[in-house]
Trainee: 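One structure coming up, written as structure tokens, with questions to follow.
All residue numbers refer to positions in the sequence shown, counting from 1.
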Amino acid sequence: MASSVDWNINSYRTTYECDEHWDLRRSFMEAHKDRFPEDELVCLAQTFTNVEFLGCRYPSDTMRLVAELSKDVAKEFRKKRESRLKRTFVQASDAAEAKVKRVRK
């Protein structure tokens with residue numbers, strides 16, 4: 001299904017959206033701009049980033065569609081992400097205990 005491509009993807013960036021999230025969402029929209037109507041593609045792109053960054057889940061048909069559309073975009077993003085430093089989370093109680101033990105030495 002051919003759709004109008006004369007709309008500006010960059011107009012959908014929000015002021016609070018970090019570069020990493022915007023780059024991924026924009027890449028998704030650029031990859032499929034000619035296949036979906038503007039409003040539908042913007043919604044699918046947001047759904048994709050919600051799944052990727054926030055772990056959101058949607059009805060199975062939506063998840064299948066987003067997975068198929070994001071296959072190449074997500075692959076590149078995940079490959080870049082593998083080479084980054086990984087964060088390790090520590091429970092607050094463990095951090096407090098470690099701090100107390102250092103103070104007492």
Trainee: At what distance, to the nearest 0.5 angstrom, does CG of Asp72 lie from OG of Ser27?
Mentor: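 These two atoms lie 11.5 Å from each other.
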Trainee: Set out, in order, the CA-CA distance, both residues' side-chain angles and the distance that settles salt bridge (Lys or Arg N to Asp or Glu O under 4.0 Å) for Glu97 and Lys101, then state yes or no.
Mentor: CA-CA 6 Å; Glu97 182 180 340; Lys101 286 180 179 179; 3.0 Å; yes
Trainee: In the single-linkage hydrophobic clustering (I, L, V, M, F, W, Y; side-chain heavy atoms under 4.5 Å), do Phe28 and Val51 co-cluster?
Mentor: no
Trainee: Quick one: CD on Glu40 to NE2 on His32, what's the gap to the nearest 0.5 Å?
Mentor: 12.0 Å
Trainee: Phe53 vs Phe77 aromatic rings, parallel, tilted or perpendicular, using cut-offs 30° and 60°?
Mentor: perpendicular
Trainee: Just how far is it from atom NZ of Lys75 to atom NZ of Lys71, taken to the nearest 0.5 Å?
Mentor: 8.5 Å
Trainee: For a quick check under 3.5 Å, do Glu17 and Tyr12 share a side-chain donor-acceptor pair by atom type?
Mentor: no
Trainee: Rounded to the nearest 0.5 Å, what separation is found between the CD atom of Glu38 and the SG atom of Cys43?
Mentor: 12.5 Å
Trainee: With Phe48 as reference, evaluate Leu24, Leu65, Leu69 under the side chain to side chain contact (heavy atoms under 4.5 Å, CB included) test and give the passing residue.
Mentor: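 Single side chain to side chain contact (heavy atoms under 4.5 Å, CB included) partner of Phe48 among Leu24, Leu65, Leu69: Leu24.
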Trainee: So, taking the atom named CD in Glu52 and the one named NE2 in His21, what distance separates them when rounded to the nearest 0.5 Å?
Mentor: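 NE2 of His21 is found 9.5 Å from CD of Glu52.
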Trainee: Which heavy atom of Cys56 sits nearest to which heavy atom of Met63, and what is that distance?
Mentor: O-CE, 4.3 Å
Trainee: Please name the pair of heavy atoms, one in Ile9 and one in Met29, separated by the smallest distance, quoted to 0.1 Å.
Mentor: CG2-CE, 3.7 Å
Trainee: Please check: side-chain N/O of Lys33 versus main-chain N/O of Leu41, any donor-acceptor pairing under 3.5 Å?
Mentor: no
Trainee: Determine, step by step, whether Arg26 and Asp19 satisfy the salt bridge (Lys or Arg N to Asp or Glu O under 4.0 Å) criterion, reporting the C-alpha distance in whole Å, the side-chain angles of both residues, the deciding distance to 0.1 Å, and the verdict.
Mentor: CA-CA 10 Å; Arg26 183 185 62 229; Asp19 291 341; over 6 Å; no
Trainee: Might you point out which heavy atoms bring Arg13 and Cys18 nearest each other, and give the distance in Å?
Mentor: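 Shortest heavy-atom contact: NH2-C, 3.6 Å.
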Trainee: So do Asn50 and Gln46 actually touch side chain to side chain, heavy atoms under 4.5 Å?
Mentor: yes
Trainee: Stepwise, does the side-chain contact (heavy atoms from CB on, under 4.5 Å) test hold for Tyr58 with Val66?
Mentor: CA-CA 10 Å; Tyr58 296 90; Val66 169; over 6 Å; no
